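Structure, as structure tokens:
Every number for a ligand or one of its atoms is a count from 1 in the order of the listing. Just so you know, these numbers come straight off a predicted model, no measurement behind them. In what follows, every heavy atom counts, from backbone to side chain, and hydrogens, waters and symmetry copies are set aside.
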Amino acid sequence: MGTTVLDWLDERLGLKDIVAFAKKKTVPDHKYSFWYYWGGISLFFFIVQVVSGILLLMYYQPGPNAYDSVRQITYEVDFGWLIRSAHSWSANLMILALFIHMFSVFFMKAYRRPREFGWWSGLTLLGLTMVFGFSGYLLPMDELAYFATKVGLELPKTLPGVGAVITELVQGGPEIGSTTIQRFFSLHVVILPLLYIPILALHLWLVQKHGNAIPESEAAKPESERRSIPFFPNFLTKDLAMWLIALNVLAIMASMFPWQLGPQADSLAPAPEGIHPEWYFMSQFQALKVLGEVFTGKLAIVGEYLGIGGFTLGGILWALIPFYDHDSKNGRRARNATYIGLAALVGLMVLTIWGYVGVS
Ligand code: HEM
């Protein structure tokens with residue numbers, strides 16, 4: 001029966017060709033192979049986001065009823081709290097997995113020729129994922145969401161000329177209100193997915209086309225000493241085992257530490273103590289805070305430009321790394337790139353921890 005169904009499908013869809021192709025594909029096997037799973041783990045959390053997001057859409061109401069609809073999801077709808085909690089936790093775990101993925105491909109030098117577009121499409125996905133996070137954070141319209149978004153929207157305001165226009169455009173008025181929720185909602189559920197899916201498809205196609213990069217220590221070995229495993233079924237089975245671990249971590253976090261809903265946002269109330277953005281924006285927040293303490297009074301604007309300019313320039317240089325370190329022939333550049341990666345990793349971690357110490 002099973003074979004008949006498979007044959008029926010194969011005649012129409014060419015399934016066996018896909019399996020034969022997957023069997024031919026191999027994945028390098030060496031002591032750093034563990035890092036090859038992180039792109040797949042990010043993909044797993046993305047799928048969770050899509051499924052749980054669609055379920056939340058069944059009850060969520062953008063606009064003036066936003067808070068009440070999230071209250072209903074959290075306290076009245078069966079398992080609503082779990083779906084909401086899974087969506088929020090999975091968003092955070094996805095960003096964490098993405099950072100691990102980005103730094104591991106960086107240290108494996110997988111941005112080098114011919115994988116530059118894999119690097120750039122990945123960076124675009126990371127940027128879009130962070131905008132997903134920022135736009136989603138406001139949607140429940142509780143106190144924390146409101147004030148954290150307010151702090152976040154102060155940033156573009158400082159940009160010369162265009163700043164006020166951007167804030168007005170994003171906010172839909174002088175204050176965060178129903179129009180802002182409507183705009184963040186369309187960004188979160190329509191505009192971002194429309195941009196995201198084709199870029200993700202390109203990213204995955206490029207990985208498929210070029211295969212996994214190998215680290216320099218592996219590339220230095222003669223070809224006869226390098227090991228690899230078939231993608232199907234060997235690597236895929238290991239990938240699925242990783243997904244199972246990711247699912248367990250998510251289930252534990254979402255059920256043991258349910259995502260909270262604070263009191264309804266009140267624009268007239270004073271901001272609660274220690275308001276800060278989500279952890280993945282904490283490094284920028286802290287850098288601006290420190291610069292704000294160094295440059296005071298009339299010089300405050302200099303501090304803001306230095307902060308925003310520094311992060312923008314850092315991001316651009318990070319994206320351009322394949323032009324600097326493009327092959328294994330230049331050992332000095334390869335070493336420098338590794339130092340740049342280490343400095344970026346340590347810098348982001350120090351600023352983030354420092355930021356949390358400052359607000360606690
Ligand atoms: C939703 C976001 C993303 C998904 C779902 C995703 C998925 C994947 C998958 C499944 C792979 C193959 C397995 C692996 O090497 O891990 C991969 C490879 C790769 N990704 Fe991503 N990725 C994402 C974001 C990123 C980001 C943020 C970067 C870095 C800026 C990036 C850069 C790369 C590169 C350069 C490769 C090739 C690695 C190699 O050849 O070994 N990706 N990605």
Side-chain angles (χ1 to χ4, degrees), residues 22 25-51 53 90-133 136 192-219 226 228-232 234-243 246 280 314-323 325-328 337 340-341 344-345 348:
K25 182 179 154 63
T26 57
V27 179
D29 189 28
H30 47 77
K31 63 176 174 183
Y32 301 109
S33 295
F34 170 72
W35 302 107
Y36 290 145
Y37 295 105
W38 288 91
I41 295 174
S42 313
L43 186 60
F44 168 77
F45 287 124
F46 178 69
I47 296 169
V48 172
Q49 286 311 97
V50 175
V51 175
S90 167
N92 282 279
L93 292 170
M94 176 176 169
I95 296 183
L96 182 65
L98 277 179
F99 271 104
I100 297 175
H101 177 48
M102 177 179 76
F103 277 105
S104 57
V105 297
F106 185 93
F107 290 122
M108 278 212 221
K109 309 205 176 283
Y111 50 74
R112 280 180 181 167
R113 188 179 151 218
R115 295 185 176 76
E116 294 91 334
F117 280 94
W119 177 246
W120 296 325
S121 56
L123 277 183
T124 313
L125 289 171
L126 177 64
L128 290 177
T129 312
M130 288 168 80
V131 182
F132 255 123
L192 287 172
L194 280 179
L195 291 172
Y196 208 88
I197 290 170
I199 300 173
L200 182 56
L202 170 73
H203 189 73
L204 296 178
W205 180 73
L206 287 171
V207 175
Q208 172 53 46
K209 177 165 170 49
H210 297 299
N212 283 97
I214 47 174
E216 289 194 305
S217 56
E218 198 62 15
R226 291 186 213 152
S228 61
I229 56 168
F231 177 79
F232 183 83
N234 306 45
F235 186 78
L236 190 66
T237 317
K238 292 185 179 196
D239 233 352
L240 291 179
M242 285 294 184
W243 283 29
Y280 42 90
I316 294 174
L317 293 178
W318 188 246
L320 295 180
I321 196 77
F323 290 123
D325 175 24
H326 32 75
D327 52 41
S328 54
I340 292 172
L345 181 61
L348 286 181

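- Here the side chains of Phe231 and Thr26 are not in contact, with every heavy-atom distance at 4.5 Å or above.
- Residue, atom and distance of the protein heavy atom nearest to atom 28 (C) of ligand 1 are Gly122 CA, 3.4 Å.
- Interatomic distance, CD of Glu216 versus CE of Met108, reported as 12.0 Å (0.5 Å rounding).
- Residue His203 has at least one nitrogen or oxygen atom sitting less than 3.5 Å from a nitrogen or oxygen atom of ligand 1, judged on distance alone.
- The shortest contact between atom 12 (C) of ligand 1 and any protein heavy atom is with Val207 CG1, 3.3 Å.
- Ion pair Asp327/Arg113 not flagged as a salt bridge, since none of the NZ, NE, NH1 or NH2 atoms sits closer than 4.0 Å to an Asp/Glu carboxylate oxygen.
- In terms of protein heavy-atom proximity, atom 35 (C) of ligand 1 is closest to Ala110 O, 3.7 Å.
- Shortest contact from atom 39 (C) of ligand 1 to any protein heavy atom: Ala213 N, 3.3 Å.
- Protein heavy atom closest to atom 2 (C) of ligand 1, with residue, atom name and distance, is Leu98 CD2, 3.3 Å.
- At a heavy-atom cutoff of 4.0 Å, ligand 1 is contacted by the side chain of Met94 but not by its backbone.
- For atom 15 (O) of ligand 1, the nearest non-hydrogen atom of the protein is Asn212 ND2, 3.0 Å.
- Proximity of Val105 to ligand 1, defined as any heavy-atom pair under 4.0 Å, is confined to the side chain (atoms from C-beta onward).
- For ligand 1, the polar-atom distance check finds no N/O of Ser42 at less than 3.5 Å from any of the ligand's N/O atoms.
- Distance from atom 5 (C) of ligand 1 to its nearest protein heavy atom, with residue and atom name: Leu200 CD1, 3.5 Å.
- Annotation: Trp119 places no N or O atom under 3.5 Å from an N or O atom of ligand 1; distance criterion only.
- Looking at atom 1 (C) of ligand 1, its nearest protein heavy atom turns out to be Tyr196 OH, 2.9 Å.
- Contact annotation: for His210 versus ligand 1, there are no heavy atoms closer than 4.0 Å.
- Checked options Pro215, Ser228, Ser217; the residue passing with His30 is Pro215 (criterion: side-chain contact (heavy atoms from CB on, under 4.5 Å)).
- Contacts between Leu123 and ligand 1, counted as non-hydrogen atom pairs separated by less than 4.0 Å, involve both the backbone and the side chain.
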